[in-house]
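A quick write-up on the structure given underneath.
Residue numbers begin at 1 in each chain, while the letters A, B, ... track the order of the sequences. If you're wondering where the values come from, they're calculated on a predicted model, not measured in any experiment.
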Amino acid sequence: MLYEPEKIEARWRATWEEKGLHRATREPGRPKYFCLDMFPYPSGEGLHVGHWRGYVLSDVWSRYMTLKGYRVLHPMGWDAFGLPAENAAIKKKIHPETHTRAAMANMKRQLGEMGAMYDWSREVNSSAPDYYKWTQWTFLKLFEMGLAYKKGAPINWCPSCRTGLADEEVKEGLCERCDSVVTKKDLPQWFYAITRYSQRLIDDLEGLDWPEKVKKMQADWIGRSEGAEVCFSLEGHPDKLWIFTTRPDTLFGATYMVLAPEHPLVEALTTPEQKAAVEEYVTRTRTRSEVERQEQKDKTGVFTGACAINPVQGERIPIWIADYVLMGYGTGAIMAVPAHDVRDWEFAQAFGLPIRQVILSPEMARELCPGGDSEQIAARALDAAYQERFPVLPLDEAGTEPGIMVNSGDFSGLPSLEGKKKVVERLEAQGLGRARVNYRLRDWLVSRQRYWGAPIPIVYCETCGTVPVPEDQLPVLLPHVESYEPSGTGASPLANLPEFVQTKCPRCGGPGRRDTDTLSQWICSSWYFLRYASPDANEVPWRREEVDEWLPVDMYVGGIEHAVLHLLYSRFYTKVLYDLGQIGFKEPFKRLFNQGMITRVGTSGRLEKMSKSKGNSVNPDELVERYGTDALRAYLLFIGPPELDAEWNDSGIEGVYRWIRRVWNFVASGSFAEGAETRPEVLRLTHRYLKKITEDMERLHLNTVVAALMEWLNALSAWKQQESAPIALETVRTYLLAMAPVAPHVAEELWAQLGGEASIFEGGLAWPIWEPKHLVEDQVELIVQFNGKVRDRIRVAAGASREEIEGQVMALEKVVSALEGRTPRRVIHVPGKLVNVVLG
RNA sequence: GCGGGAGUGGCGGAACGGCAGACGCACGGGACUUAAAAUCCUGCGCCGCAAGGCAUGAGGGUUCGAAUCCCUCCUCCCGCACCA
């Protein structure tokens with residue numbers, strides 16, 4: 001019988017579906033396992049083998065966990081609302097709704113052919129009213145908590161996507177989706193106050209079984225930094241100027257101040273003589289994009305004409321404005337210490353401002369006091385400070401390292417770390433400062449000026465103001481429109497629909513206008529994993545007992561591109577819902593796995609991430625037709641370590657296809673003995689590979705799992721050929737179980753051919769366990785080395801003593817001739833592995 | 001600039017203090033075939049007829065023993081990038 005995958009694969013998938021084999025069920029006594037893929041957006045271009053990689057990985061893992069006896073929830077759904085889906089539709093000039101429906105159907109067919117054990121009864125679709133009703137509900141919950149607010153501010157604007165963007169969606173000044181240069185635009189927008197969760201989002205990273213890289217990317221993005229706020233009074237002006245610094249120990253070295261050009265005090269402070277220059281600079285800054293700012297890193301700025309008073313020694317220092325100080329961070333103002341900050345140094349150099357050293361680095365201290373111990377160094381530094389030797393040593397760059405405070409009044413002589421605390425203490429006592437922690441994270445901009453999304457459930461009423469749509473009036477349906485292209489004016493396409501916009505105020509019944517923006521797709525995907533627990537719930541977003549049953553997600557598989565977008569937002573949402581008492585856990589994803597990309601040389605001639613637009617995509621449909629799904633699955637595992645990128649090789653799949661066919665022929669052509677395996681050699685072989693495969697599975701080293709399956713088959717084939725006695729059926733069945741997660745269709749078929757009545761996946765706890773007793777050998781081979789180089793090998797009895805073995809080694813012909821009568825300097829004996837004879 | 005990851009045959013990779021190159025791809029030789037495909041057997045890091053020597057980006061170090069640990073450097077990839 002020939003191996004013809006097309007004849008068995010569809011049949012088994014139909015059988016699995018009929019039996020409801022992949023339905024996740026509640027069943028007391030068996031532990032649950034939630035294995036989740038990041039849900040895709042329906043693209044119309046379908047899936048390429050790069051997409052398959054992650055899905056195959058999670059499916060192999062789900063099937064393995066099933067065989068280990070877990071009740072596995074492995075669902076799939078569609079991130080169907082939002083920019084990616086809408087842009088895909090616009091590109092094809094098809095209405096997003098029509099396009100999305102067709103794309104989902106095609107992708108669902110492809111996912112079906114993959115043979116993944118998805119529980120399709122739980123499919124979710126974020127663009128369906130019964131889903132986005134609850135997306136809107138989450139918005140209302142955040143609104144009630146005061147976490148959703150509207151503010152007018154210059155926002156990130158993508159002129160190509162014609163919508164506002166969150167900071168996380170801007171990469172190096174370019175739009176994350178379309179690479180256009182992001183500009184600034186003044187638009188009132190909805191924000192989520194994610195910054196209130198900054199510290200918790202950092203703290204809870206610790207317990208997560210995630211790649212360290214992703215945890216670090218999140219921690220860096222949130223960007224905690226400890227320092228102090230310091231109050232400067234202003235000369236001839238009643239207001240105070242608050243600044244944030246991480247280096248209060250350098251306060252004596254502040255030689256000028258800088259305000260962000262947007263700082264509220266700029267106008268009031270600027271003197272008449274400087275007014276024109278300052279206004280010109282402010283206007284210029286406002287029109288520059290992030291990219292322009294990044295390209296031109298030379299420091300620019302203008303003097304305001306005003307001066308501030310240093311709170312520690314009363315010195316007058318000039319106040320400048322410059323765009324290297326950002327309004328969005330800290331207080332939007334800094335004290336500049338050019339001697340100890342590289343940016344301030346550059347600015348001072350550019351504008352000829354004074355540089356005063358107030359920290360003596362350990363190297364300089366040594367130079368001033370050669371050969372001295374640390375006390376002498378400190379004393380010498382003190383001496384230098386008291387004598388007001390200024391600067392202590394000529395600086396040729398900013399010294400940012402900690403050291404000893406000098407030129408700092410009675411703080412001189414303190415190590416800078418201690419000085420930080422002392423300076424803050426004194427400022428606090430005088431009411432002129434306080435310790436303070438700042439975060440780099442900004443609040444999350446969630447409104448989009450686009451059509452294809454969940455409408456924001458808010459009504460504006462002239463008498464009641466901003467009124468949330470009551471829960472029982474949800475969903476606010478997205479109207480079907482003919483013209484859905486973004487306007488680009490900042491108004492969403494929905495603003496052109498009077499029948500949508502004009503409504504009644506839910507509070508007073510008077511005339512009201514609906515909010516016409518839609519919610520970012522990142523909101524739809526910030527809670528979808530909860531919906532899988534109760535996809536059919538109508539009256540609630542999810543049933544508490546079902547969420548408690550299945551969540552949190554035990555294993556989450558997806559690309560690293562979501563390291564700070566989706567994963568940060570989902571963690572925030574989970575914490576908010578926890579605070580609301582809606583769920584009982586604080587982190588959504590216990591374990592995270594980022595699969596590597598599949599790359600291939602594209603039209604550009606370079607090795608790039610696979611995608612249709614780069615002309616390097618490989619369609620799985622054709623490969624499935626030619627080699628079958630099982631071969632493609634196995635090849636995507638075999639291609640390399642799953643966490644690393646891998647280059648697609650067109651002929652690489654041949655190897656795994658041949659392996660599967662050899663398994664087929666091995667089983668189909670064989671006559672096997674009934675009952676258990678008795679020969680220790682075959683048992684040893686079986687358990688050796690079982691051990692290797694189980695251990696590699698646990699570590700997710702799926703490439704070596706496939707390699708071990710190949711080796712195991714090669715060994716069994718060789719054994720079958722050379723021995724007259726047939727191999728036991730049990731041995732073959734064990735092999736099929738071990739290969740089942742990788743190649744489920746062929747394993748299932750051969751299992752049935754060997755008389756299996758139920759599905760190979762139905763056993764529960766069917767994963768074969770390796771047993772140490774079968775691995776024991778009576779003889780072991782040891783390597784014999786001279787000076788660490790392999791020169792010979794010997795077989796010794798497994799229980800042989802050290803003396804026996806070394807005696808045997810010393811008697812070896814090669815050893816005798818190498819020694820030439822001398823005594824070895826040393827003999828290293830690693831039991832079970834080697835004997836290393838160290839010659840003189 | 002700062003931070004992280006990676007450099008092993010013609011190629012993908014394995015080993016992660018103890019036999020470097022498992023398992024495959026490609027390629028060479030052979031069997032079967034009228035022939036081809038498929039399949040099977042066999043060879044395959046480099047130098048050398050061989051014995052042997054040399055080999056894990058480069059150089060140093062630790063160790064009886066280093067692809068693996070440490071230091072310096074080079075190259076590539078990724079993240080962040082005026083966040084005070």
Side-chain angles (χ1 to χ4, degrees), chain A residues 2 171-173 211-214 216-217 220-221 223-225 227-228 243-247 250 258 260 290 293-294 296-300 322-337 340-344 346-347 400 438-442 560-561 563-564 596-597 599 607 634-635 638-641 643-659 661-662 665 692 701 703-714 717 721 781-793 824-830 832-839:
Chain A
L2 287 173
K171 304 267 169 195
E172 297 183 17
E212 288 305 315
K213 180 184 172 141
V214 175
K216 190 173 181 304
M217 280 169 71
D220 287 351
W221 186 262
R224 181 193 157 94
S225 72
I243 60 101
F244 174 73
T245 179
T246 55
R247 293 296 301 273
T250 63
V258 185
E290 292 280 323
R293 282 192 179 199
Q294 276 169 24
Q296 189 228 316
K297 280 209 168 167
D298 299 339
K299 294 286 179 291
T300 58
D323 67 359
Y324 83 92
V325 173
L326 311 173
M327 194 57 224
Y329 185 79
T331 62
I334 62 157
M335 66 172 193
V337 185
H340 305 294
D341 181 284
V342 286
R343 296 151 303 186
D344 298 344
E346 284 167 11
F347 193 83
T400 56
N438 255 319
Y439 301 89
R440 209 189 74 120
L441 187 69
R442 310 285 153 84
I560 192 150
E561 64 272 18
V564 286
M597 296 184 302
T599 59
L607 202 60
Y635 180 55
F638 190 63
I639 194 165
E643 69 280 8
L644 300 183
D645 291 351
E647 187 184 346
W648 182 261
N649 176 337
D650 287 319
S651 53
I653 192 173
E654 292 279 353
V656 287
Y657 174 65
R658 285 174 199 153
W659 160 61
R661 198 165 45 190
R662 283 204 312 277
N665 293 336
K692 161 93 177 144
H701 287 198
N703 53 328
T704 53
V705 165
V706 178
L709 284 166
M710 290 173 171
E711 273 185 73
W712 186 359
L713 179 74
N714 293 347
S717 300
Q721 271 187 339
E781 191 177 73
L782 300 183
I783 313 156
V784 178
Q785 299 182 326
F786 301 163
N787 295 334
K789 288 187 178 170
V790 182
R791 279 299 119 92
D792 206 351
R793 51 199 66 212
R825 198 151 60 99
R826 232 176 125 179
V827 176
I828 312 278
H829 184 167
V830 184
K833 283 196 171 157
L834 61 87
V835 176
N836 184 14
V837 181
V838 185
L839 309 171

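- When the C1' atom of A84(B) is taken as reference, atom CZ of Phe244(A) falls 8 Å away, rounded to whole Å.
- Rounding to whole angstrom units, CG of residue Asn703(A) and P of C23(B) are separated by 15 Å.
- Side-chain atoms of Pro641(A) lie closest to G13(B) of the nucleotides G24(B), G13(B), C64(B).
- For C23(B), the OP1/OP2 oxygens have no side-chain nitrogen or oxygen of Thr704(A) closer than 4.0 Å.
- Computed from coordinates, the Glu654(A) CD to A26(B) P distance equals 6 Å when rounded to whole Å.
- No N or O donor and acceptor, one from the side chain of Glu212(A) and one from the base of G4(B), sit under 3.5 Å apart.
- Of the side-chain N and O atoms in Arg658(A), one or more sit less than 4.0 angstrom from OP1 or OP2 of U39(B).
- Remark: P of C16(B) and NE2 of His701(A) are 10 Å apart, rounded to the nearest angstrom.
- Annotation: G9(B) and C46(B) have their P atoms spaced 11 Å apart (nearest Å).
- Base contact: Val830(A) has a heavy atom under 4.0 Å from a base atom.
- Listed candidates were A38(B), A20(B), G24(B). Nearest to the side chain of Arg661(A) is A38(B).
- Ranking G3(B), G79(B), C78(B) by closeness to the Lys216(A) side chain, first place goes to G3(B).
- In this structure, the CZ atom of Arg442(A) is 14 Å from the C1' atom of C80(B), given to the nearest Å.
- Following rounding to the nearest Å, Trp659(A) (CH2) and C23(B) (P) show an atom-to-atom distance of 15 Å.
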